[in-house]
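Report on the following structure.
These figures come from a predicted structure and were not determined experimentally. Along the sequence shown, residues are numbered consecutively beginning with 1.
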Amino acid sequence: MLNKKVEEAINKQIVAELYSAYLYFAMAAYFEAENLNGMGQWMKAQAFEEMYHAMKFYDYVNERGGRVVFLGIDKPPEKWDSPLATFTAAYDHEVKVTGMINDLVDIARSENDKATESFLNWYVDEQVEEESNADEIVNKLKLMAGAPGGLFMLDEKLGQRTYVWPGVGTEGE
Ligand code: FEO
């Protein structure tokens, strides 16, 4: 049985992950409106990954006999000043999410919920990658400042990103 305090904290994190998806879909829409379809594709793939993060929590709560409750999702911004500003906002968002995951680990520890603590390790590792992916693009954009050719090449490269849904709903079967 899932500890109530932990259950409540995970339900809040499900919303945070879904907000992340919402934010990245909004960034995708902004890029596509700016004819940067490769960056739009990258953001859409990222948004689907965030939905996976949310549903992995969903499955975990159910597996532990808890109750998933969907709370409200805030409206994300509609536009950003530039690709650099957008990816910087994505990086800052990931740093914030890392803090949320760390807070969740603290709650699991304080409730002596070792199973949740172990489950959260996947997210702790994932956040290292999430921050690093966004940071790498921020640095590339900074390096190519003022060179439109570089921007279009990067757009094309980022457009190669795809995301394969890793089979949520099959865990524990
Ligand atoms: Fe779900 Fe980008 O962290």
Side-chain angles (χ1 to χ4, degrees), residues 9-61 68-104 120 122-170:
I10 293 180
N11 274 323
K12 283 188 187 150
Q13 190 62 31
I14 288 175
V15 175
E17 300 293 344
L18 290 174
Y19 174 78
S20 299
Y22 223 37
L23 175 67
Y24 294 133
F25 277 130
M27 288 177 173
Y30 159 74
F31 280 131
E32 293 196 38
E34 298 290 314
N35 293 317
L36 289 163
N37 293 338
M39 292 185 182
Q41 166 62 25
W42 193 94
M43 283 297 175
K44 279 191 275 192
Q46 182 63 32
F48 281 117
E49 192 169 324
E50 297 300 348
M51 286 164 66
Y52 173 69
H53 293 173
M55 295 312 286
K56 191 175 171 72
F57 275 122
Y58 175 105
D59 278 350
Y60 178 74
V61 170
V68 173
V69 175
F70 284 95
L71 308 166
I73 306 172
D74 290 341
K75 178 186 180 301
E78 285 172 33
K79 61 198 280 271
W80 290 264
D81 289 339
S82 64
L84 176 58
T86 316
F87 276 98
T88 301
Y91 172 75
D92 291 344
H93 181 70
E94 288 304 329
V95 171
K96 201 169 130 192
V97 172
T98 299
M100 290 175 187
I101 297 292
N102 289 342
D103 289 346
L104 260 180
L120 288 170
W122 184 90
Y123 288 88
V124 171
D125 293 343
E126 177 72 6
Q127 281 311 119
V128 173
E129 199 185 309
E130 292 280 87
E131 284 187 28
S132 162
N133 289 345
D135 191 41
E136 192 184 323
I137 300 168
V138 166
N139 287 327
K140 281 189 177 139
L141 285 165
K142 279 183 184 163
L143 280 171
M144 67 179 59
L151 186 66
F152 288 113
M153 272 172 64
L154 181 62
D155 185 58
E156 196 155 318
K157 185 170 178 287
L158 294 181
Q160 292 165 9
R161 180 177 180 187
T162 54
Y163 184 68
V164 179
W165 193 260
V168 165
T170 57

Closest heavy-atom pair, L71 versus N11, reported as atoms and distance to 0.1 Å, is CD1-O, 4.2 Å
Nearest 0.5 angstrom please: L84 CG to I137 CD1, how far? 11.5 Å
Check the pair Y58 / F70 against side chain to side chain contact (heavy atoms under 4.5 Å, CB included), numbers first and verdict last. CA-CA 10 Å; Y58 175 105; F70 284 95; 3.9 Å; yes
Start with the C-alpha gap between M55 and E17, add the side-chain angles, then the distance that decides, and say whether side chain to side chain contact (heavy atoms under 4.5 Å, CB included) holds. CA-CA 9 Å; M55 295 312 286; E17 300 293 344; over 6 Å; no
CD1 of I10 to CG of L120: how many Å apart, nearest 0.5 Å? 6.0 Å
Take the angle between the ring planes of F57 and Y123 and call it parallel below 30°, perpendicular above 60°, tilted in between. parallel
W42 side chain near K157 side chain, heavy-atom distance below 4.5 Å: no
Tell me whether E32 is salt-bridged to K44, with the criterion being a basic N under 4.0 Å from an acidic carboxylate O. yes
Closest contact, heavy atoms only, G72 versus V15: O-CG1, 3.2 Å
Would you say the side chains of E131 and Q127 form a donor-acceptor pair under 3.5 Å? no
State, with a plain yes or no, whether a side-chain heavy atom of T98 is found less than 4.5 Å away from one of V128. no
Least distance between heavy atoms, M51 atom then L18 atom: CG-CD2, 4.5 Å
Trace of the side chain to side chain contact (heavy atoms under 4.5 Å, CB included) decision for E136 with F87: CA-CA 10 Å; E136 192 184 323; F87 276 98; over 6 Å; no
At their closest point, which heavy atom of L36 faces which heavy atom of P83, and how far apart are they? CD1-CG, 3.7 Å
Kindly give the heavy-atom pair with the smallest separation between A90 and M27, and that separation in Å. N-CE, 3.8 Å
Determine the sole option in Y22, Y19, F25, Y24 for which the side chain to side chain contact (heavy atoms under 4.5 Å, CB included) test with E50 is passed. Y24
Below 4.5 Å, heavy atoms only, C-beta onward: do Q46 and E130 meet side chain to side chain? yes
At what distance, to the nearest 0.5 angstrom, does OG of S20 lie from CD of E94? 6.0 Å
Let me confirm one number: the CE-CG distance from M39 to L141, rounded to the nearest 0.5 Å. 5.0 Å
Say you draw a straight line from CG of L158 to CG of N133; how long is it, rounded to the nearest 0.5 Å? 10.5 Å
So for atom OH, which belongs to Y163, do other residues, nucleotides or ligands contribute more than 12 heavy atoms lying within a distance under 6.0 Å? yes
Hey, could you give me the CG/CG distance between N37 and N35, rounded to the nearest 0.5 Å? 6.5 Å
Does the side chain of H93 reach to within under 4.5 Å of the side chain of L23, using non-hydrogen atoms? yes
For R161 and E49, run salt bridge (Lys or Arg N to Asp or Glu O under 4.0 Å): C-alpha distance rounded to whole Å, both residues' side-chain angles, the deciding distance at 0.1 Å, then the answer. CA-CA 12 Å; R161 180 177 180 187; E49 192 169 324; 2.8 Å; yes
List the atom of S82, the atom of T86, and the distance in Å for their closest heavy-atom pair. O-OG1, 2.7 Å
Should the heavy atoms of other residues, nucleotides or ligands under 6.0 Å from CG of D125 be counted, would the total exceed 12? yes
Donor-acceptor pair, distance only, cut-off 3.5 Å: does the side chain of N139 make one with the backbone of D135? yes
